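Accompanying notes for the structure given below.
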Amino acid sequence: MISAHLPALQVVVPLLAAPVCLLLRNRHAAWLLAALVTWATFIIALGLLAQVADRGTISYAIGDWAPPWGIEYRVDLFGALVLVIVSGIGSLVMPFARINVEREIPAERIYLFYVMYLLCLTGLLGIAITGDAFNLFVFLEISSLSSYVLISLGHDRRALTAALRYLIMGTLGATFYVIGIGLLYMVTGTLNMADLAQRVPDLLHLRTVEAALAFLIVGISLKLALFPLHLWLPNAYAFAPTTVTIFLAATATKVSVYVIIRIIYTVYGGAPIFREGILNEALMGLGMLSMVAAGLVAIYQSNVKRLLAYSSVSQIGYMVLGLSFGSVIGLAAGIVHLFNHAIMKAALFMALGCATQQVRAVSFDDLAGLGRQMPVTMGALVVGALSLIGLPLTVGFVTKWYLIQAALQDGAWLAVIVILASGLFAVVYTWRIVEAAYFRPLPEDREEVREAPLGMLIPLVILAGACVVFGIGATWPMDLALAAAESLIGARP
Amino acid sequence: MIAETTLPLTLAVPIVGSLLIWLAKSRPNLREGVTLVTALILFGLVLTILVPVIDGARPSVKLVEIYPGFDLTFTVEPLGASFATIASFLWIITSLYSIGYMRGHHEAYQTRFYAFFALALASTMGIALAGNMLTLFIFYEALSISTYPLVTHSGTPEAKRAGRVYLGILLGTSIGLQLLAVGITWVTAGTLDFTEGGILSGKASDGLVVLLMALYLFGIGKAAVMPFHRWLPAAMVAPTPVSALLHAVAVVKAGVFTVLKVVIYIFGLDLLTTTGASLWLAYVAGATIIIASLVAMTKDNLKARLAYSTVSQLSYIVLGAMLATSTGVLGGAMHIAMHAFGKITLFFCAGAILVAAHKTEISEMHGLGRKMPFTFAAFFLGSLSIIGLPPMGGAWSKWEIALGAAESGQAILVGVLMVSSLLNVAYLIPVAVRGFLPAGGAGNPDSGERWEIREAPLFCVVPLCFTAVASLVLFFYADDLYAFLQPIGGGG
């Protein structure tokens, strides 16, 4: 039965499609293949989610080598949710990419773009599905290397330095991660996460295990762009091709959050290290710093893409803050924000992408007057902005509401204040965009601007619609997140 | 039950109306027709809800579960029913007035105006009928956002600045303080349902009650208690119908309505009386009443003066609520209705003067009353109601609030109310009097004007006469309103 092999297909299909794309060389054919494959991965991910919701965690032994000797793919509710997010955003990006890439990347390199895109997708999906800590490193590298290439494809030459910077930081992060895994292997003799989860909690008194945790957390924090390790992110997002920015902003950092949650809650067993260590305080502090510092910096950006990039750093703080409480509700808030932030940030970057497609630039001046000229695009932008602020009836509010609950239950008053304040920062920086689009007249030297092509508008409207639909009917993602958080923590609140 | 079916429709109808308005954008007559029909249907629906509430029923509908454990719930009680009735009724009048005003004043982007107006009304209905605090909060924010395009309607740099103040204060207070208060309430009480007698009693410590009350009052920026009142004068850049219905009735009353709801159904009057958590806030409201009145006297721009008058009058209601006695609360609830009719009349008049004579400053209005007798007569009646003189509706509500203050033994607050009434006389009556005085000297409008000043279009004048007469009529029917609202004060 094919349904039994979905975990393998989830990764193998895009992985095999990548070299085929390379052989095709024709950019239209490459797009078609990439699109079909991405959509297939989305369907597979949905299938997996249904299976997991139905029957519980799936364990799949690659090549029938039983774990822990072989590599195990392990899909639980949380993993399945991340798979759906990654492949879903990937699917929505594809129609947008077809039009956008034509403009931003030289025609002869477009097929290479799709190759890298598929590899990146493979890597991200692989991270979320694998149950093997070293295999995770391999996928991390696949996704990272391909994303360096993707960023460097940006037509601005600063994209090259941004990519190089990301490469250096990313490599550091990956190295730290692999050192951490190495230390754990030294002590436990296994790389399988389920096995690790049984052994590590008993060995927490060992300095080696503590050091491993430090390496792992720092390594992933680099990939995560947690303040103050976020410096690679703003330029990488600002100068990458728009399609790449949308895709990475919505998925790459989310997958890193997934890894950090996996390590803390699955491998290290969550509660024990939180109880005695300073880990939760460190994460809470850094999360709050991310929210405040990046939020403040975002206010002063003149390039809208960079502004949104800083806002991403700020929003990553929400997720880290959520997981740092160690409570079901906090973790669930963090997990649901993976989903929420993915759709709202994708919507915002995509709206911006539609605008740049038509006017070619991304400063505030370039947005002037677009509110009237591109009503759909700018309407979607406003919806995204409202979500970012966290107003009711949008997904942003769902996260905020549960985060505040978690913080209040924890008695963390400072966190409450920071959550509320960062919402206010968001008002300021998003409203700058709205005002530019709606209150400035169209510059006289610019000819009539038209609405973006349908291929870009439809995914945009779907994303913006999702911001509202899942903001009003948040029961489905929230129930999932609560269930995932419960199974990760292993106890009811 | 018929009310259960019509309840969700009160929200759906204005939203659908808004869509239809958008679709009819190329045909102005059809578009305004849609607005009117929507307003009429909405009022009809609200009446079907009102009738069972008069009989003592409390219709309630759980619409959808939005988050696990949280429903979008609508429950009607007398306070909400009266607010919904006032807002939906005045929407009909305002729609008629808008037609006269927007066309007479040649405003642009009228489709956007009518569409967002309908959305604002939908949000108001959501606030009025909300069955729990989260539902109320959701629509509270929706109202802030849906009125933003109306405030910044003209798109000028001034409007943009005003829009910043407007959103900045309203969102700042609601996200910064009110949301926190709601969160704490939920964590403390384990429920957010509006319940008679409150939900916090026995669960929150005295200190927490004091903190929460302050967070709520200042978090509800729409109540315009100082120092968070600046958004209201800023909102006056909007077209006059917006100022009239939204910034004299729907939005500001949504604020004080929320305050009353929180006092009655979240805290419960008993809890507030025993802890004394709200009494110091009554003094804040008292200070707002006096200061805003004083500021109003210095304003020459008619709309600005009316705006500060609104700030002051809103604090009457807040003061009534903060007394936390049944008389005070009832007085506050009645003042929502009385002030609504009085103030909307005044704004309608200000708009009519702008359309007909292109005047915004009071000092330029010498002798205008002779050209526009209906408008200025209505202004006079409206002023009397705001001041609280018989035989106008405002007299009763102010009397109740003062009585409430006296019952609580707050002599200073009674004094504040008296002084404020005198100040009201001082800043409102001269406007009407000036209009009827003969225009003399250099300011003679007959000599310098290029056009003949006449009454504003019929669509403007009829509504304002109507609301003026209505505030007169309310004087005689205040008893019924009182009896209807009585249950919210705990039976009297």
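Values below: all heavy atoms of this structure, side chains included; hydrogens, waters and symmetry mates excluded. So that the names make sense, note that chain A is the first sequence line, chain B the second, and so on, each numbered from 1. Worth saying up front: this structure is predicted, and the values here are computed from it rather than measured.
Tested against B:E141 for a side-chain contact (heavy atoms from CB on, under 4.5 Å), the candidates A:L393, A:L386, A:I389, A:L391 yield a single pass: A:L391.
Within a 6.0 Å radius of CZ in B:R112, other residues, nucleotides and ligands contribute more than 12 heavy atoms. In B:K25, the NZ atom is not crowded: 12 or fewer heavy atoms of neighbouring residues, nucleotides or ligands sit closer than 6.0 Å. More than 12 heavy atoms of other shown residues, nucleotides or ligands fall within 6.0 angstrom of atom CD in A:Q409. Around CZ of A:F439, the count of heavy atoms belonging to other residues, nucleotides or ligands within 6.0 Å exceeds 12.
The most heavy-atom pairs under 4.5 Å with chain B, out of A:V398, A:D479, A:V382, come from A:V398. Options A:W476, A:F397, A:W401 differ in how many heavy-atom pairs under 4.5 Å they form with chain B, and the most are formed by A:W401. Interface summary for chain A: among B:T156, B:L72, B:V182, the most heavy-atom pairs under 4.5 angstrom belong to B:V182.
A distance of 6.0 Å separates CG in B:L180 from CH2 in A:W413, rounded to the nearest 0.5 Å. Within the model, atoms OH of B:Y148 and CH2 of A:W431 stand 6.0 Å from one another, a figure rounded to the nearest 0.5 Å. To the nearest 0.5 Å, the span separating CD1 on B:I138 from OG1 on A:T394 amounts to 10.0 Å.
Residue A:L482 touches chain B through its side chain alone, counting heavy-atom pairs closer than 4.5 Å. Contacts between A:Y402 and chain B at a heavy-atom distance below 4.5 Å involve the side chain alone, from C-beta outward. For chain A, the nearby part of B:L167 is the side chain; its heavy atoms alone come within less than 4.5 Å. For B:L134, the part lying near chain A is the side chain, with the backbone staying farther off; criterion is any non-hydrogen pair under 4.5 Å. Heavy atoms closer than 4.5 Å to chain A are found in both the backbone and the side chain of B:T152. Of the atoms belonging to B:F137, heavy atoms from both backbone and side chain fall under 4.5 Å from chain A.
The minimum heavy-atom distance between B:G176 and A:L420, with the atom names listed, is O-CD1, 3.3 Å. Between A:K400 and B:L179, the shortest heavy-atom contact is CE-CD2, 3.7 Å. Scanning all heavy atoms of the two residues, the minimum distance from A:I472 to B:I66 falls at O-CG2, 2.6 Å.
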